[in-house]
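Okay, structure first, notes after.
Because the structure is predicted, anything quoted here is derived from the model rather than measured.
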Amino acid sequence: ESVLYAKMKPEEMKTENFLWASDEARKKWAWLKDRKKLKVGVRFIGNKRNNQLLYRHIDLPDMMNFLHETFKGHDVEYYSLQKKDGEEEAAACPELINIADQIESFEDTAALLENLDIVISTCTSIVHLSAAVGTKTIVFVPIAAYFTYLMPQREDRPEHTSLWYGDNFRYFRQVKPKTWTEPMIEAKEFIQKEYPRWMTKPDAATPLMSENVLSRYVFPQLGQEPVFFFLIDCMRYDQWKIFEPVLREYFTVENESWY
């Protein structure tokens, strides 16, 4: 409603990285950055008091089978995103890392999601928060979907995307009520095609990481014109904006920004 009230067009909306956790919450979950395996967040059931539960619930064995088939051959850790409802069932699954006792607020959840590589869930609030903080998100949607998933597919947007979120968000909808076979097949094909490419090919269409700066931008220039390489460590964006005009007096500056 706020978008309609502001008379915004879909292309004018901020669709990802428009929510973020506090520095305090991020410090709490910073230990996840040291985990070397692919970190997948998993949620299979939402609020049991929701009258749509029967249609959006995924049995845990079915979800785990989907994960096994999808990430076969990859070094993966599965983190349970269940809190209260479904928490006991998740704790009984030895393959799910149970962190429910560490999640104390929705801000905690946001910081946790920021540190995961992929979130895979049935249709719950988790997927909306995950998409908003910029994490790759896969959501399984029941056939009786609501407006977020019922917008017409635009020709300039990839398949399985929603106007309300960026390309980090993909949804896969049931064809038959209470049956997840078809959306799981589609999701598996999508993940195996797209996400490993992001993880294993640093020079693909991905954010620039520090370890790729030399190979992508410096080495190709060597042996031609004189090369000037400035290394500025831990500079804030506002500090860069002050320093940038100085460089522009002598160089052409091209910015590559990821938010």
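Counting heavy-atom neighbours within 6.0 Å of Y250 OH, excluding the residue itself, gives a total of 12 or less. Other residues, nucleotides and ligands place more than 12 heavy atoms under 6.0 Å from the CD atom of E182. With a 6.0 Å radius and a threshold of 12 heavy atoms from other residues, nucleotides or ligands, Q102 has its CD atom above the threshold.
Contact annotation: the side chain of D59 never approaches that of F44 to less than 4.5 Å [non-hydrogen atoms, C-beta and beyond]. Proximity of I138 to V119: side-chain heavy atoms (C-beta onward) are nowhere separated by under 4.5 Å. Between P142 and C123 the shortest side-chain heavy-atom distance falls below 4.5 Å. Residues R173 and P183 fail the side-chain proximity criterion, which asks for heavy atoms closer than 4.5 Å. The shortest side-chain heavy-atom distance between F71 and I191 falls under the 4.5 Å cut-off. Between L67 and V76 the shortest side-chain heavy-atom distance does not fall below 4.5 Å. Residues V139 and I120 are not in side-chain contact: their nearest non-hydrogen atoms beyond the backbone lie 4.5 Å or more apart. Contact check for L38 versus D75: no side-chain heavy atoms found under the 4.5 Å cut-off.
Of the N and O atoms on the side chains of N115 and W31, not one donor lies less than 3.5 Å from an acceptor on the other residue.
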- For T122 and I45, what are the C-alpha separation, side-chain angles and deciding distance, and is it a side chain to side chain contact (heavy atoms under 4.5 Å, CB included)? CA-CA 7 Å; T122 184; I45 189 172; 5.6 Å; no
Applying side chain to side chain contact (heavy atoms under 4.5 Å, CB included), run through T137 and I118 and close with a yes or a no.
-> CA-CA 6 Å; T137 306; I118 305 173; over 6 Å; no
As a quick check of understanding, evaluate side chain to side chain contact (heavy atoms under 4.5 Å, CB included) for Y171 and V127, giving each step before the final call.
CA-CA 10 Å; Y171 72 90; V127 300; over 6 Å; no
Would you please test W29 and E114 for side chain to side chain contact (heavy atoms under 4.5 Å, CB included) and show each step? CA-CA 9 Å; W29 294 96; E114 286 179 346; over 6 Å; no
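Across Q174 and I143, no two heavy atoms sit closer than the pair OE1-N, 3.0 Å. Nearest heavy-atom pair, T161 versus D167, reported as atom, atom and distance to 0.1 Å: CG2-OD1, 4.2 Å. The nearest pair of heavy atoms linking V42 to M63 is CG1-CG, 3.8 Å. Contact record, E69 with Q192: O-NE2, 3.2 Å, taken as the closest heavy-atom pair. Between H68 and Y78, the shortest heavy-atom contact is N-OH, 4.3 Å. When all heavy atoms of T135 and N168 are compared, the pair lying nearest together is O-ND2, 2.9 Å.
The hydrophobic clustering, which links ILVMFWY residues whose side-chain heavy atoms are closer than 4.5 Å, places F228 and L247 together. Tracing side-chain contacts under 4.5 Å through hydrophobic residues (I, L, V, M, F, W, Y), one never reaches V253 starting from V246; they form parts of separate clusters. Residues I185 and F66 do not share a hydrophobic cluster, clusters being chains of Ile/Leu/Val/Met/Phe/Trp/Tyr side chains in contact below 4.5 Å.
Side-chain atoms of Q82 come within 3.5 Å of backbone N or O of D85 as a donor-acceptor pair. Remark: the backbone N or O of H57 is paired with a side-chain donor or acceptor of W180 at under 3.5 angstrom. Side chain of S130 to main chain of I126: no donor-acceptor pair is present (N/O by atom type, distance under 3.5 Å, no hydrogens or angles). Of the possible polar contacts, none joining the E107 side chain to the A25 backbone as a donor-acceptor pair under 3.5 Å is found. Judged purely by atom type and a 3.5 angstrom limit, N98 uses its side chain to pair as donor or acceptor with the backbone of A100.
One finds the CG atom of L96 at 11.5 Å from the CD atom of E77 (value rounded to the nearest 0.5 Å). Rounding to the nearest 0.5 Å places CD1 of I58 at 12.0 Å from CZ of R43. Interatomic distance, CD1 of I103 versus CD of E87, reported as 8.5 Å (0.5 Å rounding). Interatomic distance, OG1 of T179 versus CE of M184, reported as 11.0 Å (0.5 Å rounding). Taken to the nearest 0.5 Å, the NZ atom of K39 stands 4.5 Å off from the CG atom of D117. Note: K83 NZ to D108 CG = 8.5 Å, rounded to the nearest 0.5 Å.
The aromatic rings of F140 and F172 sit tilted, their planes meeting at an angle between 30° and 60°.
With respect to the salt-bridge test (charged N to carboxylate O, under 4.0 angstrom), the residues E104 and K28 qualify. Between R248 and E244 there is a salt bridge, since a side-chain N of the basic residue sits under 4.0 Å from a carboxylate O of the acidic one.
Ring centroid separation for the pair F169 and H160 does not come in under the 6.0 Å cut-off.
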